[in-house]
Amino acid sequence: MPEGHVLHRQARLQRRRFAGEVVRTASPQGRFDEGAARLDGQTVAEIRAIGKHLIYRFDSDDHLHIHLGLFGKFRLRRQPAPEPSPNCRLLLWTDTDELHLAGPTACEVLDPGAIDALEARLGPDPIARPADGAERFAARLATRSIPIGKALLDQKVIAGLGNVYRAELLFLLGIHPFVPSKEVLAHEVDALWDLSVIELVEGERAGKIVTVDPADLGRTRRSELGRGEKLYVYKRHNRPCRRCGTTVVAADIDGRNIWWCPSCQPER
DNA sequence: GTGTCATGCGTAT
DNA sequence: TACGCCTGACACG
């Protein structure tokens, strides 16, 4: 269940194994037979992530585009690797390493133009830290009257945030999720961008989302936080806020749940 | 074993 | 706003 940090981390790990290598490809499940046949035996030129998308560029200029959606999963293994799941859409391997991909929303071969178009429709990606990222994020927010809690999931506004990060970032900055995007103050917009960079880069490094300041739980390091202690509000409906003890509440925005602390994130 | 839910998104209505 | 798609983990019996 992937937000942008997962894709960037996968890009980094897969790059280490497959960049510059001739790879074999297959589709055990059969639903990517044509693409796998086309890519089989090609050399990987580059692997990168943009927001929640992962892109392989091959020497032929064929591109492999992967989007995990809600269910997609990568498994990266050393050879000899275990049997892939029967649902394995893409199997990609060398003599030393093997990648299993199951459940993606997208696994397709695209030409360079389609990759450009994909990139053009995405907002700034905090992990890529573009120099004009904060400006572009602010500009896209300023045109929206939708709640900030909805805008943060719009990949045209900012690329890579998902349901966990949106809830946690809004908590950390004390912003109620239903505040209209236009009414979020300029310094808060800047802080949202800056904190997105910090949290996603840290998530990429750690391979998990941990937003809780250990001091709030009487610890000194994030590594001392146990299971179920890593997040402030995500999925904590009816439980006490880790900062102030107020009961965390939940609501539905466009079919996605959002959680917040009514005291730390007051209505305006 | 069955049922439910999930860190997503595109398309139709 | 609703629905379809995609898989697997976990709760419950």
Side-chain angles (χ1 to χ4, degrees), chain A residues 1-11 27-33 35-36 49-55 65-77 82-91 99-108 110 114 117-123 125-127 145-147 149-172 177 195-196 199-212 227-238 248 250-260:
Chain A
M1 302 158 199
E3 303 195 18
H5 67 298
V6 170
L7 282 298
H8 281 271
R9 181 179 174 87
Q10 282 295 320
S27 181
Q29 174 200 51
R31 293 187 47 184
F32 187 57
D33 278 342
I50 320 170
K52 298 174 188 170
H53 303 260
L54 186 77
I55 316 266
H65 168 234
I66 294 167
H67 191 288
L68 296 178
L70 193 50
F71 310 130
K73 219 162 240 136
F74 286 115
R75 289 186 178 84
L76 196 50
R77 304 254 132 98
E83 276 295 293
S85 138
N87 294 315
C88 181
R89 181 83 54 90
L90 168 69
L91 188 60
L99 177 70
H100 301 180
L101 169 67
T105 289
C107 175
E108 57 190 351
L110 295 178
L118 166 71
E119 202 156 0
R121 69 178 160 79
L122 292 175
D125 178 341
I127 299 186
S145 49
I146 57 174
K150 178 171 172 171
L152 292 182
L153 286 190
D154 183 341
Q155 303 297 300
K156 295 189 290 299
V157 171
I158 182 168
L161 298 189
N163 210 14
V164 178
Y165 279 121
R166 81 152 166 184
E168 296 297 305
L169 292 170
L170 290 173
F171 172 84
L172 288 166
L195 196 57
S196 297
E199 293 296 336
L200 269 79
V201 166
E202 172 60 17
E204 192 277 341
R205 190 199 62 76
K208 57 192 168 190
I209 303 176
V210 183
T211 56
V212 168
R227 269 176 83 91
E229 293 183 333
K230 297 178 168 59
L231 303 173
Y232 281 107
V233 289
Y234 178 78
K235 276 192 176 168
R236 300 199 68 243
H237 188 32
N238 282 339
V248 171
D252 185 292
I253 304 182
D254 275 13
R256 309 296 303 280
N257 290 320
I258 173 97
W259 298 263
W260 73 96

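Quick caveat: nothing in here was measured; it's all calculated off a predicted structure. Scope of the values below: all heavy atoms of this structure, side chains included, with no hydrogens, waters or symmetry mates.
For the OP1/OP2 pair of dG10(B) and a distance below 4.0 Å, the side-chain nitrogens and oxygens of Thr105(A) include no atom meeting the criterion. For dT7(B), the OP1/OP2 oxygens have no side-chain nitrogen or oxygen of Tyr165(A) closer than 4.0 Å. Within the 4.0 Å cut-off from OP1 or OP2 of dC6(C), not a single side-chain nitrogen or oxygen of Asn87(A) is found. OP1 and OP2 of dT7(B) both lie 4.0 Å or more from every side-chain N or O belonging to Lys52(A).
Distance, Ile253(A) CD1 to dT1(C) C1': 15 Å, rounded to whole Å. We find that NE2 of His53(A) is positioned 7 Å from P of dC9(B), with the value rounded to whole Å. One atom, CG of Leu54(A), and another, P of dT7(B), lie 21 Å apart when rounded to the nearest Å. We find that CD of Glu3(A) is positioned 14 Å from C1' of dC9(B), with the value rounded to whole Å. Atom CG in Leu70(A) sits about 17 Å away from atom P in dT4(B), given to the nearest Å. In this structure, His100(A) places its NE2 atom 15 Å from P of dT7(C), rounding to the nearest Å. Look at CZ on Phe32(A): it is 15 Å from P on dC6(C), rounded to the nearest Å. In this structure, Ile66(A) places its CD1 atom 15 Å from P of dC9(B), rounding to the nearest Å.
Expressed to the nearest 0.5 Å, how far NE2 of His67(A) lies from CD of Glu108(A) amounts to 11.0 Å. Interatomic distance, Leu90(A) CG to Asp33(A) CG, rounded to the nearest 0.5 Å: 11.0 Å. Considering CG of Leu99(A) and CZ of Arg75(A), their distance stands at 10.5 Å, rounded to 0.5 Å.
A distance of about 14 Å separates the P atoms of dG13(C) and dC5(B), rounded to the whole Å. For the C1' atom pair drawn from dG8(C) and dG10(B), the interatomic distance equals 23 Å after rounding to whole Å.
Closest to the side chain of His5(A), from the set dG8(C), dT7(C), dT7(B), is dT7(B). You'll find that the side chain of Arg75(A) is closest to dA9(C), out of dT7(B), dC9(B), dA9(C). When distances run from any side-chain atom of Arg89(A) to the nucleotides dG10(B), dT7(C), dC9(B), the shortest one goes to dT7(C). Side-chain proximity of Arg31(A) to dT7(B), dC6(C), dT7(C): nearest is dC6(C).
Nucleic acid contact for Arg166(A): none, since no nucleic acid atom lies under 4.0 Å from a heavy atom of the residue. As judged by a 4.0 angstrom heavy-atom cut-off over every strand, Lys235(A) is placed among residues touching the sugar-phosphate backbone only. Within 4.0 Å (heavy atoms only), Gln29(A) reaches sugar-phosphate atoms of the nucleic acid but no base atom. Residue Arg121(A) is in sugar-phosphate contact alone, with no base atom involved, counting any heavy-atom pair closer than 4.0 Å across all strands shown. Across all strands, Ile209(A) comes closer than 4.0 Å to base atoms (heavy-atom distances). Residue-level contact check: Asn257(A) touches the backbone only, with heavy atoms under 4.0 Å from sugar-phosphate atoms and none from bases.
Using bins of under 30°, 30° to 60° and over 60° for the plane-to-plane angle, the ring pair Tyr165(A)/His5(A) lands in the perpendicular bin.
In this model, no donor atom of one side chain and acceptor atom of the other lie less than 3.5 Å apart for His237(A) and Asn257(A).
For the side-chain contact (heavy atoms from CB on, under 4.5 Å) test with Pro177(A), the passing option among Trp259(A), Phe171(A), Trp260(A) is Trp260(A); the others fail.
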